[in-house]
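One structure is given here, and the rest of the page talks about it.
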Amino acid sequence: MKRIKAIYPGSFDPPTNGHLDLIERGSKIFDELVVAILRNPEKDPLFSVADRRKMLEAMTSGFDNVSVDTFDGLTVDYALRVEAQAILRGIRAISDYEYELQMALMNRKLQPALETVFMMPAEKYSYLSSRLVREVAQLGGSIDCLVPELVERKVREKIDVAHKFESGVQHAGKTSSESKRFRKKKL
Ligand code: PNS
């Protein structure tokens, strides 16, 4: 019997409940699902790839057919390397569609044998993104129910470290706007 393996590529900085919702849905229709974190040296992420991997491993430990990996280069090359037949992506709203369609068609051009499969997360996560989680947490808002508890703790730890650093540099003679700029970059 043919077994279908899919990869779920993304940045996951940080992973959210929306990602987890999609992983759960994907694990039900694919025999095997690999959550693949892009190692992107150009971005200035909140979490290292190693941290994101640990968080995703903890979040997915309850799924027998889900594993976590990292990759660089083209997603289609990675998919072929791990012998996956499909790429799973989430679509939250129409606004995601154009970018996702473009990416899916480019991936098809690069590797026609691979299919992109779109799934919709629960509508309660339709406004949720890693970028907004970072921004809300940084500005002191609650990210409760938007990310798993362990991710929430890790985000808070990051912010506390940045705040401590900020008081440190202020004492070292930096202006408050210089400190803010530093904190924003760190987050
Ligand atoms: O979570 P994100 O940031 O929306 O994920 C985007 C991701 C990682 C899936 C996309 O940027 C990607 O596939 N990058 C790898 C490089 C690549 O294959 N580029 C061509 C895509 S058409």
Side-chain angles (χ1 to χ4, degrees), residues 4-27 29-30 32-60 63 66-123 125-138 143 146-148 150-152 154-155 158 185 187:
I4 309 285
K5 180 172 180 175
I7 62 163
Y8 176 28
S11 308
F12 306 104
D13 186 33
T16 68
N17 283 339
H19 293 129
L20 186 57
D21 180 280
L22 213 76
I23 290 167
E24 188 174 354
R25 289 172 200 280
S27 76
I29 64 159
F30 297 112
E32 233 184 295
L33 181 65
V34 184
V35 181
I37 308 162
L38 175 68
R39 293 195 300 269
N40 186 351
E42 279 167 31
K43 272 199 178 175
D44 188 12
L46 174 56
F47 287 103
S48 69
V49 170
D51 278 347
R52 283 178 264 163
R53 184 180 193 147
K54 274 191 218 139
M55 288 187 273
L56 280 162
E57 278 171 351
M59 286 162 64
T60 58
F63 302 104
V66 176
S67 58
V68 182
D69 196 6
T70 64
F71 76 103
D72 52 21
L74 286 176
T75 295
V76 291
D77 288 345
Y78 172 75
L80 285 196
R81 240 183 356 261
V82 297
E83 297 180 348
Q85 296 89 353
I87 298 172
L88 172 65
R89 290 287 291 172
I91 291 203
R92 294 162 297 191
I94 288 291
S95 47
D96 284 337
Y97 179 74
E98 210 169 323
Y99 170 63
E100 293 297 335
L101 176 72
Q102 198 179 12
M103 217 161 41
L105 293 178
M106 178 59 83
N107 283 335
R108 179 182 284 166
K109 159 100 181 67
L110 293 169
Q111 195 43 256
L114 278 170
E115 283 301 334
T116 297
V117 176
F118 293 118
M119 296 185 86
M120 275 84 66
E123 53 274 38
Y125 301 131
S126 58
Y127 62 92
L128 181 53
S129 71
S130 297
R131 187 184 62 78
L132 280 183
V133 165
R134 292 196 300 270
E135 188 172 315
V136 168
Q138 182 189 354
I143 54 168
L146 304 181
V147 294
L150 85 139
V151 176
E152 190 180 351
K154 290 275 176 204
V155 173
K158 281 269 172 202
K185 188 164 161 44
L187 292 175

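Counting convention: from 1, in listed order, for ligands and their atoms alike. Along the sequence shown, residues carry numbers from 1.
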Under 3.5 Å, which donor-acceptor pairs do the side chains of residues 106-121 form with other protein atoms, sequence neighbours left out?
from: N107; atom 1: ND2; to: M103; atom 2: O; distance (Å): 3.4

Kindly print each ligand 1 N/O atom paired with any protein N/O atom under 3.5 angstrom away, one pair per line, or none if nothing qualifies.
from: ligand 1; atom 1: 1 (O); to: S11; atom 2: N; distance (Å): 3.0
from: ligand 1; atom 1: 3 (O); to: S11; atom 2: OG; distance (Å): 2.6
from: ligand 1; atom 1: 4 (O); to: R89; atom 2: NH2; distance (Å): 2.9
from: ligand 1; atom 1: 5 (O); to: R89; atom 2: NH1; distance (Å): 3.3
from: ligand 1; atom 1: 13 (O); to: T75; atom 2: OG1; distance (Å): 2.5
from: ligand 1; atom 1: 18 (O); to: T75; atom 2: N; distance (Å): 2.9

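- In this structure, the side chain of T16 engages the main chain of H19 through a donor-acceptor pair within 3.5 Å.
- The pair D51-K154 does not meet the salt-bridge criterion, since no charged nitrogen lies less than 4.0 angstrom from a carboxylate oxygen.
- The salt bridge (Lys or Arg N to Asp or Glu O under 4.0 Å) test applied to K5 returns E32, not counting sequence neighbours.
- A salt bridge links D21 with R25: the distance from a Lys NZ or Arg NE/NH1/NH2 to an Asp or Glu carboxylate oxygen falls below 4.0 Å.
- Among residues two or more places apart in sequence or in another chain, the salt bridge (Lys or Arg N to Asp or Glu O under 4.0 Å) test is passed with D72 by R39.
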